[in-house]
Amino acid sequence: MDDDAGDASPPPAAGGAQSRDMAASPTSSRSVTETVNGSHRFVIQGYSLAKGMGVGKHIASETFSVGGYQWAVYFYPDGKNPEDNSAYVSVFIALASEGTDVRALFELTLLDQSGKGKHKVHSHFDRSLESGPYTLKYRGSMWGYKRFFRRTALETSDFLKDDCLKINCTVGVVVSTIDYSRPHSIHVPDSDIGYHFGTLLDNHEGVDVILNVGGERFHAHKLVLAARSTVFRSKFFDDVLDGKKNEAGESDDLQEIVIDDVEPKVFKAMLHFIYRDTLVDDNEMDASSSEGSIFDTLAAKLLAAADKYDLARLRLLCESYLCKGVSVATVASTLALADRHHAMELKAVCLKFAAENLSAVIRTEGFDYLKDNCPSLQSEILRTLAGCEEECSSGGKSQSVWAQLSDGGDTSGRRVRPRI
């Protein structure tokens, strides 16, 4: 009957059981907000010479990276603003890269150099629950203290030692991520292929070539060398591909090849990389660092070998190692080395460093070496300096050095013709 039709229950959906299974296994997610922290130590050597540079004038640290942004510490020896804090030194942390509404926590610590551990700490972390993170709106935004320390008290304190101040800066950039549930996870350890290939080299297992380097014989595997270096690949296999008979195939003896363009210790370090994909340990790298010229160090010779044998990653590792030793005294010779062996990353670092510190660099023996042997690199330094000036909004030391050179003066007080 028609009256019964309304009471009839619909048949169960074909996917009903599947729907119940899905309901029984709900998914979940979680928003995690935390800080990515990083620290930087800023050493201010020659505090007494910095005094008197003027209210609002600052000394900036090198930039450092935290949370995907660049930061810098600004130290004002005569205070940031004249009206309320000219009797104080001011310290600020500045956002040095592009960013909008970057939220972060900060901490500035003036280190007690007496060993008593009575540091002066200004921390945003301690009061983060009260006021929340600080928001920096744009590049150049700063957080810090106009009245960081009264100057007269600072100069008689244990914070100043040997005319030097040390400031630790900690930045905690606020980031939010979504963590969602995963039913299963399996930890995969880091690759150990370098260990196994290194063992293969150490044990001489399956070696098929001997490399004679300055009378020292190294056992190796042609396939491994060829896989890592196009130079070795050409040496071992191009003749075979061209239809010529390989010398190794003429007898069961190991083929011995003389290498006369690399020193034994350098070749050993190069083999270490080829098999293990790492540099030799720092003790071996540092053992040669005491020699007079940078060109005589193991790192420099290994860089040259990497360039010669087409080992791009080894060249970058050497560039990174040499970059740590760049200073006023070494930058000119390191620049010449980088240019000679196509180390473009290291060359860029040296050019920037030399341009930013040109008034000191031109007094070094290395700069004299560039004059005599690499005049084109001097021109590149000046072009880099010109680029730095365009980026410099405050018209600081780069402009004054450029004016000195353009005026025809050198550091000895002699008049020279500008070579620009």
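Along the sequence shown, the residues carry numbers beginning at 1. Excluded from the calculations below are hydrogen atoms, water molecules and symmetry mates; all remaining heavy atoms, backbone and side chain alike, are included.
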- Should Asp78 and Lys51 be marked as a salt bridge (charged side-chain N to carboxylate O under 4.0 Å, His left out) after you check the CA-CA gap, both sets of side-chain angles, and the distance that decides it? CA-CA 6 Å; Asp78 299 316; Lys51 284 196 310 178; over 6 Å; no

- Message: Run the side chain to side chain contact (heavy atoms under 4.5 Å, CB included) test on Val175 and Thr35 for me, step by step, so that the C-alpha distance in whole Å, both residues' side-chain angles and the decisive distance to 0.1 Å come before the verdict.
- Response: CA-CA 6 Å; Val175 296; Thr35 59; over 6 Å; no

- With salt bridge (charged side-chain N to carboxylate O under 4.0 Å, His left out) as the test, would you mind laying out the steps for Asp101 and Lys137 before giving the verdict? CA-CA 4 Å; Asp101 295 331; Lys137 296 292 186 181; 3.5 Å; yes

- Could you give me the CA-CA distance, side-chain angles and deciding distance for His40 and Trp71, then say whether side chain to side chain contact (heavy atoms under 4.5 Å, CB included) is met? CA-CA 9 Å; His40 181 80; Trp71 306 87; over 6 Å; no

- Message: side chain to side chain contact (heavy atoms under 4.5 Å, CB included), that's the test. Do Glu380 and Lys347 meet it? Break it down for me.
- Response: CA-CA 10 Å; Glu380 289 194 56; Lys347 181 178 178 179; 3.1 Å; yes

- Item | Leu154 and Leu165: CA distance, side-chain angles, deciding distance, side chain to side chain contact (heavy atoms under 4.5 Å, CB included) verdict | CA-CA 10 Å; Leu154 175 64; Leu165 295 173; 3.9 Å; yes

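A donor-acceptor pair shorter than 3.5 Å can be found between the side chains of Tyr47 and Glu155. Defined by atom type and a distance below 3.5 Å, a donor-acceptor pair is present between the side-chain atoms of Asp163 and Ser48. Using modelled atom types, one finds a donor on one side chain and an acceptor on the other under 3.5 Å when comparing Asn212 with Glu256. Under 3.5 Å, the side chains of His119 and Asp112 contain no donor-acceptor pair of N or O atoms. Checked by atom type, the side-chain pair Thr230/Asp310 shows a donor-acceptor distance below 3.5 Å. Remark: the Tyr76 side chain and the Asn81 side chain contain no N/O donor-acceptor pair separated by less than 3.5 Å.
In terms of the ring pair (Phe, Tyr, Trp, His ring centres under 6.0 Å) criterion, residue partners of Phe159 (sequence neighbours excluded) are, by chain and number, Phe149. Under the rule for a side-chain contact (heavy atoms from CB on, under 4.5 Å), Leu49 has no partner lying at least two apart in sequence or in another chain. Among residues two or more places apart in sequence or in another chain, the side chain to side chain donor-acceptor pair (under 3.5 Å) test is passed with Thr152 by none. For Thr278, the side chain to side chain donor-acceptor pair (under 3.5 Å) test picks out His272, with sequence neighbours left out.
A pairwise comparison of heavy atoms in Gly79 and Ser90 identifies CA-OG, 3.5 Å as the closest pair. Residues Pro77 and Val89 come closest through the heavy atom pair O-CG1, 3.4 Å. Listed here is the closest heavy atom pair of Ser123 and Glu107: OG-OE1, 2.9 Å. The nearest pair of heavy atoms linking Pro82 to Val55 is N-CG1, 3.4 Å. The two residues Leu211 and Ala220 make their nearest non-hydrogen contact at CD1-CB, 3.9 Å. Contact record, Ser29 with Ile178: CB-CG2, 4.1 Å, taken as the closest heavy-atom pair.
No side-chain heavy atom of Phe42 sits less than 4.5 Å from a side-chain heavy atom of Lys166. Two residues are said to be in side-chain contact when any heavy atoms from C-beta on lie closer than 4.5 Å; Leu382 and Gln378 fail this criterion. Residues Asp368 and Lys371 have side chains in contact (heavy-atom distance under 4.5 Å, counting atoms from C-beta outward). Side-chain contact between Phe353 and Leu351 is absent, with no heavy-atom pair separated by less than 4.5 Å. Within the 4.5 Å cutoff, no side-chain heavy atoms of Tyr145 are placed close to those of Val91.
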Hey, can you pull the donor-acceptor pairs under 3.5 Å for the side chains in residues 60-67, sequence neighbours left out?
residue	atom	partner	partner atom	Å
Ser61	OG	Val73	N	2.9
Thr63	OG1	Gln70	OE1	3.4

Show the atom names and distances, to 0.1 Å, of all donor-acceptor pairs under 3.5 Å that link a side chain in residues 324-338 to residues at least two apart or in another chain.
residue	atom	partner	partner atom	Å
Ser327	OG	Ala329	N	3.4
Ser327	OG	Thr330	N	3.4
Ser327	OG	Thr330	OG1	3.2
Thr330	OG1	Gly325	O	2.9
Thr330	OG1	Ser327	N	2.9
Ser333	OG	Thr330	O	3.1
Thr334	OG1	Thr330	O	2.8

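In this structure, Leu108 CG and Phe75 CZ are separated by 11.5 Å, a value rounded to the nearest 0.5 Å. Note: Asn373 CG to Asp339 CG = 12.0 Å, rounded to the nearest 0.5 Å. We find the CD-CG distance between Glu319 and Leu322 to be 8.5 Å, quoted to the nearest 0.5 Å. For the atom pair Leu95 CG and Trp143 CH2, the distance stands at 14.5 Å (nearest 0.5 Å). If you take CG on Leu302 and NZ on Lys265, they are separated by 11.0 Å, rounding to the nearest 0.5 Å. Here Leu311 contributes atom CG and Arg315 contributes atom CZ; the two are 9.0 Å apart, rounded to the nearest 0.5 Å.
In this structure, Phe218 places its CZ atom where more than 12 heavy-atom neighbours from other residues, nucleotides or ligands lie under 6.0 Å away.
The closest donor-acceptor contact from the side chain of Ser229 to the backbone of Val231 lies under 3.5 Å. Between the side chain of Ser141 and the backbone N or O of Leu136 there is no donor-acceptor pair closer than 3.5 Å. For Arg139 (side chain) and Glu98 (main-chain N/O), no donor-acceptor pair under 3.5 Å exists by modelled atom type. Distance alone, capped at 3.5 Å, is enough to place a donor-acceptor pair between the His221 side chain and the Glu205 backbone. Judged purely by atom type and a 3.5 angstrom limit, Arg276 has no side-chain atom pairing as donor or acceptor with the backbone of Thr199. Remark: the backbone N or O of Val213 is not paired with any side-chain donor or acceptor of Arg217 at under 3.5 angstrom. Put simply, the side chain of Asp208 gets close to the backbone of Lys222: a donor and an acceptor are under 3.5 Å apart. Counting only distance, with no hydrogens or angles, the side chain of Gln113 and the backbone of Cys164 share a donor-acceptor pair below 3.5 Å. No side-chain donor-acceptor contact under 3.5 Å links Thr109 to the backbone of Leu111. Under the 3.5 Å distance criterion, the side-chain polar atoms of Asp277 are left unmatched by any main-chain donor or acceptor of Phe273.
Aromatic rings from Phe148 and His122 are positioned such that their centres are separated by under 6.0 Å. The distance between the ring centers of Tyr309 and Phe232 falls below 6.0 angstrom.
Remark: Arg228 fails to qualify as a cation-pi partner of Tyr275 under the 6.0 Å distance and 45° angle criteria applied to the six-membered ring.
Between Phe106 and His124, the ring-plane angle classifies as parallel under the 30° and 60° cut-offs.
Partner of Tyr88 under the side chain to side chain donor-acceptor pair (under 3.5 Å) criterion, out of Arg151, Lys80, Arg150, Lys146: Arg150 alone.
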